[in-house]
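Throughout, numbering of the chain's residues begins at 1 and tracks the sequence.
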Amino acid sequence: MIKILFICHGNICRSTMAEFIMKDIVNKQGLWDKFHIESSATHTDEIWNGVGSPVYPPARAKLREHGIGTDDNELGVANKRARLTSRTDYDKFDFIIGMDSANIRDLNRIFSGDPDHKVFKMLDFTDRDGDVADPWYTGNFDATWRDCSDGCHGLFRHILVDKRFAKELAEDEENEMINNDDLGLIHDDFPRG
């Protein structure tokens with residue numbers, strides 16, 4: 001499986017939006033069983049006595065506005081709770097995606113560096129630099145949606161053309177190799193939220 005972890009400060013807005021946007025992308029491509037996607041926090045602000053807060057209501061509303069977290073496309077939004085990033089996450093995931101520069105600093109501290117080059121900033125997968133807009137401070141969930149959606153689509157395109165994952169993505173249900181042309185995935189031709 002291709003394993004992706006999205007990370008922000010509290011794991012109730014940006015990283016959860018990215019988690020479910022990415023789950024929606026792979027689900028629509030029929031690749032649900034090829035990916036494991038989670039999100040987590042760098043701080044315990046939204047974790048009380050070991051119990052994480054649910055997806056922040058305005059973030060959940062923005063997901064629903066785009067057809068994610070609805071009755072017919074729930075994807076686990078209702079059960080999502082904030083969780084803290086741990087050192088062991090580094091070994092479990094292929095891609096660890098922070099939402100901003102502060103997250104990247106925190107991740108380098110948590111993981112004691114990035115020797116395997118797994119840590120990226122979300123907007124590294126877009127045509128622009130910077131940090132994902134933090135709606136906790138701006139209240140602008142449209143900007144956050146745009147940043148997370150663009151970043152997830154860019155990451156998905158990156159994975160599709162990465163030779164390390166070609167075999168994983170080309171295996172059918174009987175674990176036999178199929179022709180890459182039969183994947184039905186054309187690197188920039190998939191639905192956007």
Enquirer: Please determine if R83 and E38 form a salt bridge, counting it only when a charged side-chain N lies under 4.0 Å from a carboxylate O.
Expert: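 Between E38 and R83 there is a salt bridge, with a charged N closer than 4.0 Å to a carboxylate O.
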Enquirer: Are any of the side-chain heavy atoms of D150 and R128 separated by less than 4.5 Å?
Expert: yes
Enquirer: If I compare all heavy atoms of A82 with all of G10, which pair ends up nearest, and what's the gap?
Expert: CB-O, 3.5 Å
Enquirer: Using atom types as modelled and distance alone, determine if a side-chain donor or acceptor of H153 lies under 3.5 Å from a backbone N or O of S149.
Expert: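 Flag set: sc H153 to bb S149 pair under 3.5 Å.
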Enquirer: Measuring only between side-chain heavy atoms, which start at C-beta, is I159 closer than 4.5 Å to I4?
Expert: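 Yes, close enough: below the 4.5 Å cut-off.
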Enquirer: Is D100 paired with R14 through a side-chain N to carboxylate O contact shorter than 4.0 Å?
Expert: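 Answer for the salt bridge query: yes.
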Enquirer: Quick one: pull up CZ in F93 and OG in S40 and give me the separation to the nearest 0.5 Å.
Expert: 7.0 Å
Enquirer: Any link between F120 and L107 through a network of hydrophobic side chains (Ile, Leu, Val, Met, Phe, Trp, Tyr) touching at under 4.5 Å?
Expert: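 As far as the 4.5 Å side-chain criterion goes, L107 and F120 are not connected within one cluster.
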Enquirer: Should E65 and F141 count as side-chain neighbours, where that means a heavy-atom distance under 4.5 Å?
Expert: no
Enquirer: Are any non-hydrogen side-chain atoms of I25 and M22 less than 4.5 angstrom apart?
Expert: yes
Enquirer: When the side chains of residues 53-60 are checked against the rest of the protein, which donor-acceptor pairs come out under 3.5 Å, sequence neighbours left out?
Expert:
from	atom 1	to	atom 2	distance (Å)
S53	OG	E46	O	3.1
S53	OG	E46	OE1	2.8

Enquirer: Check whether any side-chain N or O of T85 sits under 3.5 Å from a backbone N or O of A41 as a donor-acceptor pair, and report yes or no.
Expert: yes
Enquirer: Between D89 (side chain only) and S86 (backbone N and O only), is there a donor and an acceptor less than 3.5 Å apart?
Expert: yes
Enquirer: If two hydrophobic side chains count as joined below 4.5 Å and joins carry through other members, does I37 share a cluster with M122?
Expert: yes
Enquirer: Can a donor-acceptor pair be found, under 3.5 Å and without considering hydrogens, that links the side chain of N108 to the backbone of I104?
Expert: yes
Enquirer: Hey, does the side chain of Y90 reach the backbone of D116 with a donor-acceptor pair shorter than 3.5 angstrom?
Expert: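 Yes, Y90 side chain to D116 backbone: donor-acceptor pair under 3.5 Å.
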Enquirer: Would you give the length of the straight line joining atom NZ of K28 to atom CG of N73, rounded to the nearest 0.5 angstrom?
Expert: 6.5 Å
Enquirer: Same hydrophobic cluster for V119 and V132, using side-chain heavy-atom links shorter than 4.5 Å among ILVMFWY?
Expert: no
Enquirer: Could you tell me the separation between the OG1 atom of T42 and the CD1 atom of I110, rounded to the nearest 0.5 Å?
Expert: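 Rounded to the nearest 0.5 Å, the OG1-CD1 separation comes out at 6.0 Å.
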Enquirer: Roughly how far, to the nearest 0.5 Å, is CD1 of I7 from CE of M99?
Expert: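 Those atoms lie 8.0 Å apart.
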Enquirer: Taking the side chain as every heavy atom from C-beta outward, state whether K23 and F35 have any atom pair closer than 4.5 Å.
Expert: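 Not touching, per the 4.5 Å side-chain cut-off.
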Enquirer: About how many Å separate NZ of K3 and CG of D91, when rounded to the nearest 0.5 Å?
Expert: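 Interatomic distance, D91 CG to K3 NZ, rounded to 0.5 Å: 11.0 Å.
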Enquirer: When hydrophobic residues are tied together by side-chain contacts of less than 4.5 Å, even through go-betweens, does F156 share a cluster with I96?
Expert: no
Enquirer: Salt bridge check: are D142 and R146 linked by an N-O gap of less than 4.0 Å?
Expert: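 No, no charged N to carboxylate O under 4.0 Å.
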Enquirer: I want to check something: taking the side chain as every heavy atom from C-beta on, are L63 and W145 in contact at a cut-off of under 4.5 Å?
Expert: yes
Enquirer: Any side-chain heavy-atom pair from F111 and K118 closer than 4.5 angstrom?
Expert: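 They are not in side-chain contact.
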Enquirer: Show the nearest heavy-atom pair for residues L75 and N27, with the distance to one decimal.
Expert: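 For L75 and N27, the tightest heavy-atom pair comes out as CD2-ND2, 4.0 Å.
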Enquirer: Between atom OG1 of T144 and atom CG of N140, what is the distance when rounded to the nearest 0.5 Å?
Expert: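 Rounded to the nearest 0.5 Å, the OG1-CG separation comes to 6.5 Å.
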Enquirer: State, yes or no, whether a side-chain contact exists between H9 and D45 at a heavy-atom distance under 4.5 Å.
Expert: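 H9 vs D45: side chains touch.
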Enquirer: Is there a donor-acceptor contact under 3.5 Å linking the side chains of N11 and K80?
Expert: yes
Enquirer: With the 4.5 Å side-chain cut-off for hydrophobic clustering, are I21 and L31 part of the same group?
Expert: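 Linked, I21 and L31 end up in one cluster.
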